[in-house]
S.K.: 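Mind looking over this structure? Questions follow.
From a predicted model like this one, the values you see are computed outputs, not experimental measurements.
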Amino acid sequence: MKPVILAGGTGSRLWPKSRAALPKQFLSLTSANTMLQDTVTRLGNSPTESPVVICNEAHRFLVAEQLRQKNIKHGGILLEPVGRNTAPAIALAAIHSLNAGEDPTLLVLAADHLIQDNEAFQTAIEKAEKLANTGKLVTFGIVPTQPHTGYGYIKSGNPLELGYQVEKFVEKPELALAKEYVASGNYYWNSGMFMFKASRYLEELEKYCPEILEVCKQAIETESRDLDFIRIDESIFSNCKDDSIDYAVMERTTSAAMVPLNAGWSDVGSWTSLWETSEKDESGNATIGDAILENTKNSYVNAEQRLVAVIGLDDVIVVETKDAVMVAHKDDAQSIKNVVTKLKSDKRPEFEFHREVYRPWGSYDSIDNGSRFQVKRITVKPGEKLSVQMHHHRAEHWIVVSGSANVTIDETTKLVTENESVYIPIGSVHALENPGKIPLELIEVQSGAYLGEDDIVRFSDRYGRTAN
């Protein structure tokens, strides 16, 4: 059994925590681990091969670093140059496996789901694997706990030895219809998790969406290895149809089967769903961080940086980060997507980045700025190095706070240690490396007419980046 972890989502309904450059699967929302890390580590008791993770190219270093942190051996990080939904993503993993001389049973999981009862999850996996080995395309149907209108549903058909045939898939219903579904006992939430033989999935994809299969085959023919990453040709894959596995295959195949799953599952699709799955006090409140609630009930408060006080409010969501505060009524939490759309259309940085931005070499935190200056706190991991670069519009002044730095300016390299500083003039070719065993922390003061992150000309970079 080979896990295929889909890590390409955006999680826009969990703004301001989840952003384009750091979506929810890479955040610690339900435990001390990130959601990606929890997804992989909960498979620890299953007899599985090393997982293949599929993600956007922009998130490749996040995936690699988070797997490294947990010493997770993986079977490759397959990069999508453009997002084309789940049907093509799974096809890439299936074709890649077959080209390697295998025909594994693929366990397809989203990287951003919560599962609280791992034993029940393992039992369902065992049942699904047996069904998949008979040629079935298996999905996991979540035993509903309430008439939820935010999920699609699966209607169970004739019983099988280890599950049910799928009678039909239905779209997200209105509340009255959702109540009927739950009362009938024949409907399950559609989890978006699957299991099938790689060859069987491709057979059904060829039957119902041959155009997707053809493009994915052409794309995989171009695959190349780069560090941990498996790259495919963007010009080919961008021509692929955008379609989900549900629409492309599962709703059309006659071989669909379902295994019920009752394991405390949630897709963590909104702040309301996080409140539903969180531990609460006697007033129904769930809090994270430094929060004081007075005369407040059934609310969720997540404070990252500062004290947050909520007084006299019920059924609200309050989320605070270093650069944004979001307040919403629980019943209207879905409208956060509209705020994210406006941030994107207005080209505001809060759409894509947090104030603290992660890079493969470490991170930087923009702590102050003005019309002609910007101050950052930069952290470089031991042994890592920023690209050799220059700027057309800004000069930089670096002050080492902790650790030591090898600083190259044009033809000169020198060691800069704590309480020492160095100046990089506009137009100078420069580089920064941490040669030590502890993180390097420094304060960077930028000054100039233009301070955008796109004012970087790279001459060499160990991470193979062509952009920031």
Side-chain angles (χ1 to χ4, degrees), residues 16 19-22 58 61-62 65 304-306 320-325 343 347-463 465-468:
R19 305 195 186 183
L22 190 68
F61 293 112
L62 282 170
E65 173 63 14
E304 177 180 298
Q305 185 78 0
R306 291 158 287 189
E320 177 267 342
T321 67
K322 289 181 178 180
D323 61 350
V325 177
L343 291 171
K347 295 182 170 56
R348 294 195 52 148
E350 295 91 347
F351 163 74
E352 185 169 6
F353 296 108
H354 283 268
R355 203 183 79 178
E356 185 172 8
V357 177
Y358 292 92
R359 294 295 190 222
W361 43 261
S363 63
Y364 66 84
D365 188 353
S366 299
I367 57 180
D368 197 9
N369 64 80
S371 60
R372 294 183 63 89
F373 78 92
Q374 182 167 222
V375 182
K376 293 181 177 181
R377 185 177 69 242
I378 295 176
T379 303
V380 184
K381 294 181 289 190
E384 300 299 334
K385 180 181 180 180
L386 281 67
S387 60
V388 179
Q389 59 186 252
M390 61 89 70
H391 312 293
H392 290 295
H393 304 288
R394 73 176 186 245
E396 296 176 341
H397 186 193
W398 295 343
I399 306 99
V400 174
V401 176
S402 175
S404 57
N406 273 335
V407 177
T408 299
I409 303 175
D410 294 323
E411 304 300 323
T412 303
T413 298
K414 66 177 181 177
L415 185 68
V416 183
T417 58
E418 290 184 17
N419 299 319
E420 295 182 338
S421 63
V422 65
Y423 176 72
I424 300 99
I426 292 176
S428 292
V429 177
H430 59 281
L432 174 66
E433 182 176 14
N434 179 1
K437 302 295 184 183
I438 63 172
L440 161 65
E441 295 195 17
L442 58 86
I443 300 298
E444 175 183 88
V445 181
Q446 302 175 357
S447 59
Y450 179 74
L451 305 173
E453 283 299 307
D454 54 350
D455 180 24
I456 298 179
V457 178
R458 298 186 192 277
F459 296 97
S460 66
D461 179 58
R462 65 172 58 175
Y463 310 106
R465 295 170 297 169
T466 56
N468 287 332

S.K.: I'd like to know whether NE2 of H392 has more than 12 heavy-atom contacts from other residues, nucleotides or ligands below 6.0 angstrom.
M.R.: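 Counting other residues, nucleotides and ligands, NE2 of H392 stays at 12 neighbours or fewer.
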
S.K.: Within a strict 4.5 Å, meaning less than it, do heavy atoms of the T321 and R19 side chains meet?
M.R.: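 With C-beta onward as the side chain, the pair touches.
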
S.K.: When K322 is tested against each of E356, Q305, E304 for side-chain hydrogen bond (donor to acceptor under 3.5 Å, both in side chains), which residue passes?
M.R.: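 When E356, Q305, E304 are each tested with K322, the side-chain hydrogen bond (donor to acceptor under 3.5 Å, both in side chains) holds only for E356.
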
S.K.: For residues L62 and A21, report the shortest heavy-atom separation together with the two atoms involved.
M.R.: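 Where L62 meets A21 most closely, the heavy atoms are CD1-O, 3.5 Å.
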
S.K.: Tell me which one of I426, V457, D455 satisfies side chain to side chain contact (heavy atoms under 4.5 Å, CB included) with M390.
M.R.: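 So the option named by the test is V457.
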
S.K.: On a heavy-atom basis, which atom in P435 and which in E433 lie closest, and how many Å separate them?
M.R.: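 Distance-wise, the nearest heavy atoms are CD-O, 3.2 Å.
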
S.K.: Among all residues two or more places apart in sequence or in another chain, which pass the side chain to side chain donor-acceptor pair (under 3.5 Å) test with N369?
M.R.: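 Partners of N369 by the side chain to side chain donor-acceptor pair (under 3.5 Å) criterion come out as none, since no residue qualifies.
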
S.K.: Output yes when a side-chain donor or acceptor of H430 lies under 3.5 Å from a complementary backbone atom of Q389, and no otherwise.
M.R.: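 Judged by distance alone, yes, a pair lies under 3.5 Å.
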
S.K.: Identify the residue among N406, V422, I409 that makes a side chain to side chain contact (heavy atoms under 4.5 Å, CB included) with K414.
M.R.: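 Testing each of N406, V422, I409 against K414, the sole residue satisfying side chain to side chain contact (heavy atoms under 4.5 Å, CB included) is V422.
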
S.K.: Are V401 and I443 side-chain neighbours, meaning at least one heavy-atom pair lies under 4.5 Å?
M.R.: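 A side-chain contact exists here, since the closest heavy-atom pair is under 4.5 Å.
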
S.K.: To the nearest 0.5 Å, what is the distance between CD1 on I399 and CZ on R377?
M.R.: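 These two atoms lie 13.5 Å from each other.
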
S.K.: Is the closest side-chain heavy-atom distance between V400 and V407 below 4.5 Å?
M.R.: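 Contact flag for V400/V407 side chains = no.
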
S.K.: Could you measure the distance from the NZ atom of K376 to the OG atom of S363? Nearest 0.5 Å is fine.
M.R.: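 Spacing of NZ (K376) from OG (S363) equals 11.0 Å.
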
S.K.: For R306, look at atom CZ and say whether over 12 heavy atoms of other residues, nucleotides or ligands are found less than 6.0 Å away.
M.R.: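 Buried by this count: over 12 neighbours within 6.0 Å.
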
S.K.: Give a yes or no answer on whether the side chain of D410 reaches the backbone of V429 with a donor-acceptor pair at less than 3.5 Å.
M.R.: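 Confirmed, D410 side chain pairs with V429 backbone.
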
S.K.: Hey, are R394 and E444 close enough for a salt bridge, meaning a charged N less than 4.0 Å from a carboxylate O?
M.R.: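 Salt bridge between R394 and E444, a charged N being under 4.0 Å from a carboxylate O: no.
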
S.K.: Using every non-hydrogen atom in the two residues, find where V416 and S421 come nearest and quote the distance to one decimal.
M.R.: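 Looking at all heavy atoms of both residues, the shortest contact is CG1-N, 4.2 Å.
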
S.K.: Just wondering, do Q374 and S366 contact through their side chains at under 4.5 Å, heavy atoms?
M.R.: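 Of all side-chain heavy-atom pairs linking Q374 with S366, at least one is under 4.5 Å.
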
S.K.: Nearest 0.5 angstrom please: R359 CZ to Y463 OH, how far?
M.R.: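 Here the rounded value is 12.0 Å.
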
S.K.: Is any side-chain heavy atom of D365 closer than 4.5 Å to a side-chain heavy atom of H354?
M.R.: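 No - every pair of side-chain heavy atoms lies 4.5 Å or more apart.
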
S.K.: As an exercise, state the distance from OG of S447 to OH of Y423, rounded to the nearest 0.5 Å.
M.R.: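 Nearest 0.5 Å value for the OG-OH distance: 5.5 Å.
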
S.K.: Roughly how far apart are L442 CG and Y364 OH, rounded to 0.5 Å?
M.R.: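 Nearest 0.5 Å value for the CG-OH distance: 14.0 Å.
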
S.K.: Do L440 and W361 have side chains that approach each other closer than 4.5 Å (heavy atoms only, starting at C-beta)?
M.R.: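 Heavy-atom side-chain distance check fails, nothing below 4.5 Å.
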
S.K.: Looking only at heavy atoms, what is the nearest atom pair of P439 and P382, with distance?
M.R.: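 So the minimum-distance heavy-atom pair works out to N-CG, 3.9 Å.
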
S.K.: Check R458 against S387 and note the closest heavy-atom contact, atom names and distance.
M.R.: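 Smallest heavy-atom distance, with atoms named: NH1-OG, 2.5 Å.
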
S.K.: Do S402 and E418 have side chains that approach each other closer than 4.5 Å (heavy atoms only, starting at C-beta)?
M.R.: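 Yes, their side chains come closer than 4.5 Å.
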
S.K.: Determine the minimum heavy-atom distance between A324 and P16, stating which atoms define it.
M.R.: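 Where A324 meets P16 most closely, the heavy atoms are CB-CB, 4.0 Å.
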
